[in-house]
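Right, one structure below, let's go through it.
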Amino acid sequence: MEIPKQWLTYLSKGEAIAAALRLSIISGERTTHKLLTENQVANEFQVSRSPVRDAFKILAQERLIRLERMGAEILPFTDKQRQELTDIRLMIESFAFTKVIQRSDWMAIVQSMQQALAMMKVNIQYKDAASFAENDLKFHELMVFACDHHYLTHLWKQIMPTMLCLNYVGMKKRMEEDFDDFERVIRNHELFVTAIEQKDRAMMYQAFEANFNDLNDDIGAFWAQ
């Protein structure tokens with residue numbers, strides 16, 4: 001799976017290599033436990049070994065690889081890791097909702113989310129999975145950033161690259177195999193907007209359940225009805 005070119009804008013060489021490797025690992029194109037060497041990756045991307053080292057450091061921090069004496073071992077990215085990532089998203093977004101609805105300008109946040117949702121609809125029309133994945137995360141990110149919490153924002157930014165890859169892989173497959181399901185996806189996101197607009201906690205729980213139930217079967221642990 002080729003890395004979308006728009007994702008590489010403003011990235012250093014090391015970050016760009018990390019982005020390409022990350023997508024290939026998460027999509028399953030690179031074999032688990034395979035050893036990547038600096039020379040091999042440098043030849044693949046036609047760069048020196050220095051940016052490859054930078055890429056390895058980034059991916060090691062994300063626990064997608066383990067640095068070894070002779071290179072880097074690709075670690076398994078399993079359903080357990082996917083669910084754990086969803087756990088973190090549920091915790092972050094659940095907390096963010098409680099903060100956002102206390103803001104006096106919460107309707108401005110609602111309007112920004114509606115704009116992101118409009119872009120998602122355009123992306124669906126053009127079957128642009130990469131842009132849809134970006135705007136989908138931007139939609140959720142608006143709520144996270146609006147709660148104005150330094151450490152929460154820092155945590156979100158740390159997991160964002162992995163979330164983006166997962167979202168892209170999933171949305172690309174959906175566009176190819178189950179395009180009509182995007183009607184449901186859009187309805188679920190509209191439920192998010194309405195819940196924030198009305199400051200309705202029960203409705204927000206429904207939105208979380210509709211959006212994440214296929215990824216996490218224990219949503220109630222994070223969001224009590």
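These numbers come from the heavy atoms of this one structure, side chains and all, not from hydrogens, waters or symmetry mates.
- Expressed to the nearest 0.5 Å, how far CG of Leu164 lies from CG of Leu137 amounts to 6.0 Å.
- When all heavy atoms of Leu8 and Ala19 are compared, the closest pair comes out as CD2-CB, 4.3 Å.
- A distance-only check finds no donor-acceptor pair linking the side chain of Ser94 to the backbone of Met91 [under 3.5 Å].
- Residues Leu142 and Ile109 share a closest heavy-atom pair of O-CG2, 4.3 Å.
- For the pairing with Glu84, the side-chain hydrogen bond (donor to acceptor under 3.5 Å, both in side chains) check across Arg82, Gln81, Lys80 returns one residue only, Lys80.
- Atom-to-atom distance recorded for Lys127:NZ and Met171:CE is 15.5 Å, nearest 0.5 angstrom.
- A donor-acceptor pair under 3.5 Å is formed between the side chain of Asp200 and the backbone N or O of Met203.
- Hydrophobic cluster membership of Leu35, counting Ile, Leu, Val, Met, Phe, Trp and Tyr whose side-chain heavy atoms lie under 4.5 Å apart directly or via other members: Met70.
- Using modelled atom types, no side-chain atom of Glu183 and backbone atom of Asp180 make a donor-acceptor pair closer than 3.5 Å.
- No salt bridge links Lys138 with Glu134; every basic N to acidic carboxylate O contact stays at or beyond 4.0 Å.
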Evaluate His140 against Asn211 for side chain to side chain donor-acceptor pair (under 3.5 Å), listing each step before the verdict.
CA-CA 11 Å; His140 294 272; Asn211 277 276; 4.8 Å; no
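- Contact detail for Ile17 and Ala55: the closest heavy-atom pair is CG2-CB, 3.7 Å.
- Met175 and Met119 are assigned to two separate hydrophobic clusters, defined by single-linkage of ILVMFWY side chains at heavy-atom distances under 4.5 Å.
- Of the possible donor and acceptor atoms, one in the side chain of Ser27 sits under 3.5 Å from a partner among the backbone N and O of Ser24.
- Aromatic pair Phe132/Phe182: centroids less than 6.0 angstrom apart.
- Clustering of Ile, Leu, Val, Met, Phe, Trp and Tyr side chains at separations under 4.5 Å places Tyr126 together with Val122.
- Using a 4.0 Å cut-off between a side-chain N of Lys or Arg and a carboxylate O of Asp or Glu, Arg22 and Glu15 do not qualify as a salt bridge.
- Between Glu44 and Arg30 there is a salt bridge, since a side-chain N of the basic residue sits under 4.0 Å from a carboxylate O of the acidic one.
- Across every non-hydrogen atom of Phe77 and Leu166, the tightest pair is CE2-CD2, 3.7 Å.
- In this structure, Ala96 and Val144 approach most closely via the heavy-atom pair CB-CA, 3.9 Å.
- There is no path of hydrophobic side-chain contacts, each under 4.5 Å, that joins Leu90 to Leu191.
- When all heavy atoms of Lys13 and Pro51 are compared, the pair lying nearest together is CB-CB, 3.8 Å.
- Considering OH of Tyr168 and OG of Ser131, their distance stands at 9.5 Å, rounded to 0.5 Å.
- Hydrophobic cluster membership is shared by Met204 and Phe139, with clusters built from Ile, Leu, Val, Met, Phe, Trp and Tyr side chains linked at under 4.5 angstrom.
- Taking the six-membered ring for Trp, Phe208 and Phe192 have ring centres closer than 6.0 Å.
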